[in-house]
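Below is one structure, written out as structure tokens, with a few remarks after it.
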Amino acid sequence: MYNDAVDLWDFYGTSLGQVARRLIRRRIRGVWPNVSGMTVLGLGYATPYLRPFRDEAERVFALMPTQQGVLHWPREGRNLVALSDESELPLQDVSVDRVLLVHGMECSEQLQPMLHEIWRVLTGNGRLLVVVPNRRGLWARFERTPFGHGHPYSPSQLSRVLQANMFTPTLTTRALYVPPYPWKVVQRSAYGLEDIGARWFKQLGGVVIIEASKQIYATTKPRPLRARARALLPGPATQIPTAQTVARPRADHATASPLAIGQGRD
């Protein structure tokens with residue numbers, strides 16, 4: 001079951017959430033140091049980690065699952081996030097170069113269809129980067145953060161799931177070695193603790209991060225052609241999103257418009 005988008009927004013607004021965002025961002029950027037000219041999709045609740053790509057990639061946008069809800073993103077400028085069924089992404093085949101999946105895989109009730117959709121929209125040399133709670137880490141043991149919800153994975157478990165769904169893991173790393181406590185002393189020394197943990201306690205990172213490539217040679221049972229689902233956008237926002245701005249897949253969103261992919265923003 002997905003965390004609510006408002007709860008995720010609130011977490012990343014706390015001091016602990018900001019520490020988690022900076023540390024995971026640093027690791028993601030280390031895996032993808034250059035996305036110039038590429039199309040980058042954030043899936044799940046990936047918007048806290050997309051800002052570094054906005055001025056570099058050709059396009060940056062995000063899709064949030066219907067069970068999670070959606071918030072306007074970025075705070076300033078035109079909206080680049082939409083609500084979508086995770087098992088039927090409103091995108092053309094081979095149209096995305098990079099997919100960043102955060103707060104999605106551990107919560108999804110349609111994991112195989114979602115991974116098949118990611119495979120479909122990725123280009124031949126595209127890459128999927130998955131961030132999930134580490135089964136051995138401290139963060140998966142505390143429900144005060146979003147990383148304490150859903151199904152945590154070990155690196156080997158995550159690799160097997162990806163391989164079973166037409167992906168080849170190419171790189172594995174971890175992040176969040178700092179303890180999940182909102183103590184100022186921990187936050188002030190976050191980068192030092194992170195470096196020590198990455199060197200001496202490699203198995204204990206709070207999240208597992210795996211990059212995977214698309215298995216081009218994989219074959220699947222043909223799926224009947226059908227019209228793609230439309231993505232629902234939140235209405236124009238003039239201020240930071242609140243609980244009242246969360247879009248839900250209900251009848252009162254009949255005026256929502258299809259996703260228009262434009263220049264990225266956060």
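All residue numbers refer to positions in the sequence shown, counting from 1. These numbers come from the heavy atoms of this one structure, side chains and all, not from hydrogens, waters or symmetry mates. Computed from a predicted structure; not experimentally measured.
Taking both residues in full, the closest heavy atoms of Arg135 and Pro152 are given as NH2-O, 3.1 Å, listed atom of the first, atom of the second, then distance. Taking all atoms of both residues into account, the shortest heavy-atom contact from Leu176 to Ala20 is CD2-CA, 3.6 Å. A pairwise comparison of heavy atoms in Leu83 and Gly69 identifies CD1-C, 3.7 Å as the closest pair. Of all non-hydrogen atoms in Leu89 and Arg120, the two that sit nearest each other are O-NH2, 3.1 Å. Scanning both residues, Pro169 and Gln163, for their nearest heavy atoms gives CD-CG, 3.6 Å. Closest of all the heavy-atom pairs between Leu162 and Val130 is CD2-CG2, 4.4 Å.
Residues Val40 and Arg59 form no side-chain contact, since every pair of their non-hydrogen atoms from C-beta on lies 4.5 Å or further apart. Leu91 places a side-chain heavy atom less than 4.5 Å from the side chain of Val121. The closest side-chain heavy-atom distance from Leu115 to Val161 is below 4.5 Å. Annotation: side chain of Leu122 is in contact with side chain of Phe167 (closest heavy-atom distance under 4.5 Å). Annotation: side chain of Lys214 is not in contact with side chain of Met166 (no heavy-atom distance under 4.5 Å). You'll find the side chain of Val70 stays beyond 4.5 Å of the side chain of Ser84, heavy atoms only. At a threshold of 4.5 Å between non-hydrogen side-chain atoms, the residues Leu171 and Val31 count as touching. Using a 4.5 Å heavy-atom cutoff, the side chains of Arg25 and Arg51 are in contact.
The CD1 atom of Ile28 sits 4.5 Å away from the CG atom of Leu100 when rounded to the nearest 0.5 Å. Here the CG atom belonging to Leu129 is positioned 12.0 Å from the CZ atom belonging to Arg27, to the nearest 0.5 angstrom. Summarising the geometry, atom OG belonging to Ser36 is positioned 10.5 Å from atom CD belonging to Glu58; distances are rounded to the nearest 0.5 Å. Taking CD of Gln68 as the reference point, atom CG of Leu8 lies at 5.5 Å (rounded to 0.5 Å). With values rounded to the nearest 0.5 angstrom, Gln203 atom CD is found 9.5 Å from Ser154 atom OG. Atom-to-atom distance recorded for Tyr2:OH and Met64:CE is 12.0 Å, nearest 0.5 angstrom.
A cation-pi arrangement is not found for Arg127 relative to Trp32, the charged atom failing to lie both closer than 6.0 Å to the ring centre and inside a 45° cone about the ring normal.
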**Verdict with supporting geometry, Ile209 and Thr172, side-chain contact (heavy atoms from CB on, under 4.5 Å)** = CA-CA 6 Å; Ile209 302 174; Thr172 300; over 6 Å; no

**Prompt:** Asn134 and Arg174: side-chain contact (heavy atoms from CB on, under 4.5 Å), yes or no, with the steps?
**Reply:** CA-CA 8 Å; Asn134 181 10; Arg174 299 170 183 81; 4.2 Å; yes

**Message:** Please determine whether side-chain contact (heavy atoms from CB on, under 4.5 Å) holds for the pair Ser95 and Thr39, giving the CA-CA distance in whole Å, both sets of side-chain angles, and the decisive distance to 0.1 Å.
**Reply:** CA-CA 8 Å; Ser95 59; Thr39 297; over 6 Å; no

**Message:** Run the salt bridge (charged side-chain N to carboxylate O under 4.0 Å, His left out) test on Glu56 and Arg29 for me, step by step, so that the C-alpha distance in whole Å, both residues' side-chain angles and the decisive distance to 0.1 Å come before the verdict.
**Reply:** CA-CA 12 Å; Glu56 184 177 303; Arg29 194 58 168 162; 2.5 Å; yes

**Message:** Assess the residue pair Trp73 and Leu71 against the criterion (side-chain contact (heavy atoms from CB on, under 4.5 Å)); give the C-alpha distance rounded to whole Å, side-chain angles, the decisive distance to 0.1 Å, and a yes or no.
**Reply:** CA-CA 6 Å; Trp73 176 84; Leu71 295 174; over 6 Å; no

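With a 6.0 Å radius and a threshold of 12 heavy atoms from other residues, nucleotides or ligands, Arg136 has its CZ atom at or below the threshold.
No chain of hydrophobic side-chain contacts below 4.5 Å, direct or via other Ile, Leu, Val, Met, Phe, Trp or Tyr residues, connects Leu16 to Tyr177. Ile118 and Val94 are not part of a single hydrophobic cluster, where members link through side-chain heavy atoms under 4.5 Å apart. Tracing side-chain contacts under 4.5 Å through hydrophobic residues (I, L, V, M, F, W, Y), one never reaches Trp200 starting from Leu193; they form parts of separate clusters. A single hydrophobic cluster is not seen to contain both Phe201 and Val178; linkage of ILVMFWY side chains at heavy-atom distances under 4.5 Å, directly or through other members, places them apart. Placement of Leu204 and Tyr191 in two distinct hydrophobic clusters is found when ILVMFWY residues are connected by side-chain heavy-atom separations under 4.5 Å, directly or transitively.
Residues in residues 184-207 take part in these salt bridge (charged side-chain N to carboxylate O under 4.0 Å, His left out) pairs, two or more places apart or across chains: Arg26-Asp195.
Judged by distance alone, the side chains of Ser108 and Glu86 do bring a donor and an acceptor atom under 3.5 Å apart.
At distances below 3.5 Å, not a single donor-acceptor pair connects side-chain atoms of His116 with backbone N or O atoms of Asn165. Remark: side-chain polar atoms of Asp97 are not paired, donor with acceptor, to backbone N or O of Gly126 under 3.5 angstrom. Trp119 places a side-chain N or O within donor-acceptor distance of the main-chain N or O of Gln215, the cut-off being under 3.5 Å.
The aromatic rings of His151 and Tyr153 lie perpendicular to each other, with more than 60° between the two planes, well past the 30° mark. Relative orientation of the Phe147 and Trp139 rings is perpendicular, given thresholds of 30° and 60° on the angle between their planes.
Under the ring pair (Phe, Tyr, Trp, His ring centres under 6.0 Å) criterion, Tyr12 pairs with Tyr49, His103, sequence neighbours left out.
Checked against Asn3 for a side-chain contact (heavy atoms from CB on, under 4.5 Å), the options His149, Gln67, Glu106 give a single hit: His149.
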